[in-house]
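Here the structure comes first, spelled out in structure tokens, and everything after it is commentary.
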Amino acid sequence: MSNLQQQKFDLVTRDLRKWQGREEWFFNRDHTDTYELWYEGRYKRAEVWQKKVIGQLIKKDERVKTLLEFGCGTTRFTRWWKEIGIEASGGDISPFMLGQGVHLFDGDLVLADSHHMPFKDHTFDALAFITTFEYYKDPVKVIREAARVGKYGIVFGMMNRNSPKVVRRRVQEMFGKNPFYVTATFYTPKKLLAVIAEALQGRDYTIEWTATGLPQWFPVQQWHQPYGDFFGMYVRLNDAI
């Protein structure tokens, strides 16, 4: 981006603070400009396990060769898919996040709302939502859009409600700190399964999930129990033509 382009971008986006009628951290450059630093610091170990869980789930479906990651942000995960043999594209509603992503990712990116994906039916083999689904106002509609655009499946990477960190985050919010989760809806595997069942009523699908984000001293780091900071879930669409 040239200096002139940067100036135009700053001018157009300086007053943006809201999405879906509410203030969001990913529309605030005080937060988005330092987003990548989270993964390079104390969040690094969590990222390793999250990618391991997500990769295990989606690679079981050998039909998936292309993928659209919605809510891709700065493309932290979008850059990673090719490491497991999947050609990825990204979409996000935040011009601030994508403004960084275009410099970090050499694939296709689109500025769009996940509730109205600007793609034809079955454009991709799969859709991915990595720690972004928690912010959607109409999750049923988003899943239906994902099942329309993604032919074979949908993969979720979710912040787990069954985690002591959720309590800590809510306490921090009460004191005006930690603005990242104020509008987030935390899911458990059971809660997400119920939303998926409503969205995909009448479809033939199977689901597999696993959790991670457990304390480092814990004897296992991944298990099929609904506890931990993070869980991955893959919806395999069996009736895809």
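Side chains are part of it too, since the values below use all heavy atoms of this structure and drop only hydrogens, waters and symmetry mates. For this chain, numbers begin at 1 and follow the sequence in order.
- In this structure, Glu69 and Leu67 have side chains that are in contact, with non-hydrogen atoms separated by less than 4.5 Å.
- At least one donor-acceptor pair under 3.5 Å links the side chain of Lys59 to the backbone N or O of Ile84.
- Between Ile130 and Trp80, the closest side-chain pair of non-hydrogen atoms is not below 4.5 Å.
- A donor-acceptor contact shorter than 3.5 Å links the side chain of Arg63 to the backbone of Tyr152.
- Between Phe218 and Trp223, the ring centre distance stays below 6.0 Å.
- Defined by atom type and a distance below 3.5 Å, a donor-acceptor pair is missing between the side-chain atoms of Trp49 and Gln222.
- Hydrophobic clustering, with ILVMFWY side chains joined whenever heavy atoms are under 4.5 angstrom apart, keeps Val48 apart from Met159.
- Atom CZ of Arg144 and atom CD1 of Ile196 lie 12.5 Å apart (nearest 0.5 Å).
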side-chain contact (heavy atoms from CB on, under 4.5 Å) between Val155 and Leu127, worked out = CA-CA 6 Å; Val155 63; Leu127 259 290; over 6 Å; no
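- Residues Val235 and Phe156 meet the side-chain proximity criterion, which asks for heavy atoms closer than 4.5 Å.
- Without hydrogens or angle criteria, His224 side chain to Ala211 main chain gives no donor-acceptor distance under 3.5 Å.
- The side-chain heavy atoms of Thr188 and Pro226, taken from C-beta on, include no pair separated by under 4.5 Å.
- Rounded to the nearest 0.5 Å, atoms CG (Asp239) and CG (Asp204) are 5.5 Å apart.
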How far apart are the C-alpha atoms of Phe186 and Asn160, what are their side-chain angles, what is the distance that settles it, and do they pass the side-chain contact (heavy atoms from CB on, under 4.5 Å) test?
-> CA-CA 6 Å; Phe186 293 107; Asn160 193 0; over 6 Å; no
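- A distance of 12.5 Å separates CG in Leu214 from CZ in Phe230, rounded to the nearest 0.5 Å.
- With a 4.5 Å cut-off on side-chain heavy atoms, Tyr234 and Ile154 do not count as touching.
- Using a 4.0 Å cut-off between charged nitrogen and carboxylate oxygen, Lys141 and Glu145 do not count as a salt-bridge pair.
- Ring geometry for Phe133 against Tyr187 counts as tilted: the plane angle lies between 30° and 60°, on a 0 to 90° scale.
- With rounding to the nearest 0.5 angstrom, the SG atom of Cys72 is 11.5 Å from the CD1 atom of Ile93.
- Remark: Glu208 does not engage Arg236 in a salt bridge, criterion side-chain N to carboxylate O under 4.0 Å.
- Using a 4.5 Å cut-off on side-chain heavy atoms (C-beta onward), Met158 and Thr131 make no contact.
- Distance alone, capped at 3.5 Å, is enough to place a donor-acceptor pair between the Arg148 side chain and the Phe119 backbone.
- Grouping the Ile, Leu, Val, Met, Phe, Trp and Tyr side chains by contacts below 4.5 angstrom, directly or via other members, places Tyr227 apart from Val53.
- Ring pair Phe129/Phe70: centre-to-centre distance not below 6.0 Å.
- Heavy-atom neighbours of Lys82 NZ from other residues, nucleotides or ligands within 6.0 Å: at or below the threshold of 12.
- Remark: Leu98 CG to Thr74 OG1 distance equals 9.5 Å, nearest 0.5 Å.
- Gln221 and Arg45 share a donor-acceptor pair across their side chains, judged by distance under 3.5 Å alone.
- Using a 4.0 Å cut-off between a side-chain N of Lys or Arg and a carboxylate O of Asp or Glu, Asp125 and Lys65 do not qualify as a salt bridge.
- Taking each heavy atom of Asp92 and Gly73 in turn, the nearest pair found is OD2-N, 2.7 Å.
- Using a 4.5 Å cut-off between side-chain heavy atoms of Ile, Leu, Val, Met, Phe, Trp and Tyr, with links allowed through other members, Val140 and Ile207 fall into the same hydrophobic cluster.
- Asp121 contributes no side-chain N or O that, together with a main-chain N or O of Val149, makes up a donor-acceptor pair within less than 3.5 Å.
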Start with the C-alpha gap between Thr185 and Lys191, add the side-chain angles, then the distance that decides, and say whether side-chain contact (heavy atoms from CB on, under 4.5 Å) holds.
-> CA-CA 11 Å; Thr185 298; Lys191 182 176 180 179; 3.5 Å; yes
Given the rule in the side-chain contact (heavy atoms from CB on, under 4.5 Å) test, do Lys51 and Glu83 qualify, once you have shown the distances and angles that lead to the verdict?
-> CA-CA 11 Å; Lys51 288 178 176 177; Glu83 296 181 18; 5.8 Å; no
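- To the nearest 0.5 angstrom, Leu109 atom CG is 10.0 Å from Leu104 atom CG.
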